[in-house]
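This is a predicted model, so every value here is computed, not measured.
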Amino acid sequence: MPSEPLLEVHDLHYAYLGRFPALAGVSLTVEAGEKLALLGANGCGKSTLLKVLDGLLFPDAGTYRAFGAEITETGLEDEQRNRGFRSRIGFIFQNSDAQVFSPTVREEVAFGPLTMGLDAAEVEARVHDTLAMLNIAPLAERAPYQLSGGEKKRVAIASVLAMNPEVLLFDEPTAALDPRTQGWLIELIVELNAAGKTIVLATHDLDTLPLLADRAVVFGEDHRLAATGPPDELLADHDLLLITNLALRRR
Amino acid sequence: MTATLPPAAPVPTARWLLEPQVGLCACAPSGRRRKGTYVTRTIDAAAGVVRAALFAEDAAAQPGLLQRLDARVKLVTLLGLLVAVSLVQQIPVLVVAYAATLVLAVLSKLPLGAFVRRVWLAIPLFTGIVVLPATLNLITKGHVVVPLGSWFGHRVGMTAPGLTGAARIVLRVATSVSVAVLLTTTTRWTRLLAALRALLVPRMFVLVLGVAYRYLFHLLGSVTDMYEARRARTVGAEDGRSGRAFVAASAGALFGKSHQLAEEVHQAMVARGYVGDARTLSAFRLRALDVAWIAVAVVAAGALVGLDRGL
């Protein structure tokens, strides 16, 4: 009997304020250990799907199963289930300003491990290791408003890695980063995946796609999935990229 | 949000956009100058808040006496001194207490001029205005020492008991504010929040304070960006009315932005396991200096009250 996918959504529908559709019947599976990219133009529903996968938004219709159990709003109200789910899946937001909310970098990185209920010594050790690994130890006592965009992104990633989740969700990871920081982040994602982490990322950056994903799904502007397959095959399909607003029409 | 515009048929670029335009006045200056409106000054004041915060951060990083104390010890002892000051009635004792705050500022390597200005330029002056009517013989009876004239046939002036009472209040406020400034400028904001937790201030209250302080800078940045974007597109002088309209419109836009940000921040917290009970990294370490300081503070508070009762 084939094993169940790590994450599975079926016929998801979601509309903001009940009026603006973001997902209109999306079905998708994520296998353990894969790097999956969600491709699509602005506003097609990629970020919404990531928030559903992270249990932050709940679909108007359709189902979401993660780690063998259905994820619902009432289900996550159970403390033990909530703690189990949150510790296994981490989300790096596109807007680092929203994610970096603690008074100092050290406290930011400690926030997740502390909510997991780890003891103080282990939290300290994890914070120390994560800051060193991401090369932000000198920023430990700095306030987030004193950081540059790239530094904030590193802190946001550190704050999630310190929880050591199995699945990492990235929303537009390379957006608005300078080339060196982009290169560093791509290497980090590849390394984390090689270490067994499952990666799901939303992007419309086609240049970095082959490095970042083994498989990609393409969202249409109708908020449904238009195609799925290996990045190279999808990038070669110029008509698909045109229809989904991921490429410019050649003049 | 995800509302997507329907694909539109290509529209040719407007002709006027493709033609060069003569600059409105890329010539010599006219000699007419216009000072910034109150909107400009308000936006500049926003930058001042950031400068003040950076000043406090720098001061907290100095190797001074108060900076070396544990934040919880400092908070509790300075609160104790505040209570002692509020019990003092005699003006000479209040003067001694105020002088002691100046000594502490020097020992904590705070720039004395800036420290004194910070205290005297704002709050005690306002307090002085509030207590001013109480100095008049219409309210506080007594010997008039500063005659001011007559009002409906009555002689009006400042009385000795009125002036004494006003001086007592202003000095007490100045000393209390000095103590508060000493606390806030020699303690990093994060340590202060941790100290509040140690004093059993509700966790949620401390968390809200921390997040509010954090996002104050973000919102100030948004205000500055919005204003600069407008200034970059404003050709010619700007009048007060349009400035006020801008403030009203930007307040609405800022409210929308802050609401959206608040929602995202909450989601980011929930994503990392937050269920309404925040924990912080903090270790309480009582060192010899802290113990010595506690002793000094207790003796000082006792001496202030004792001296006051003895005079």
| query | Which pair of non-hydrogen atoms, one from A/A41 and one from A/H204, has the smallest distance, and what is that distance? | reply | C-ND1, 4.5 Å
| query | What part of A/I92 lies closer than 4.5 angstrom to a heavy atom of chain B: side chain, backbone, both or neither? | reply | neither
| said: Report which part of A/F101 has an atom under 4.5 Å of a heavy atom belonging to chain B: side chain, backbone, both, or neither. | reply: both
| Pair A/K152 + A/D97, salt bridge at N-O below 4.0 Å | yes
| message | I'd like to know if A/R86 pairs up with A/E79 as an ion pair, taking the criterion as any Lys NZ or Arg NE/NH1/NH2 lying under 4.0 Å from an Asp or Glu carboxylate oxygen. | response | no
| message | Is A/K51 in contact with chain B via its backbone, its side chain, both, or neither, using a 4.5 Å heavy-atom distance? | response | side chain
| Should the pair A/Y14 and A/Y16 be assigned to parallel (<30°), tilted (30 to 60°) or perpendicular (>60°) ring geometry? | perpendicular
| message | So for A/S159, is it side chain, backbone, both, or neither that comes closer than 4.5 Å to the heavy atoms of chain B? | response | both
| Expected output: side-chain B/R287 to main-chain B/R68 donor-acceptor under 3.5 Å | yes
| said: Please classify the contact between A/E77 and chain B as side chain, backbone, both or neither, with a heavy-atom cut-off of under 4.5 Å. | reply: neither
| Side chain, backbone, both or neither: which part of A/E108 has an atom under 4.5 Å from a heavy atom of chain B? | both
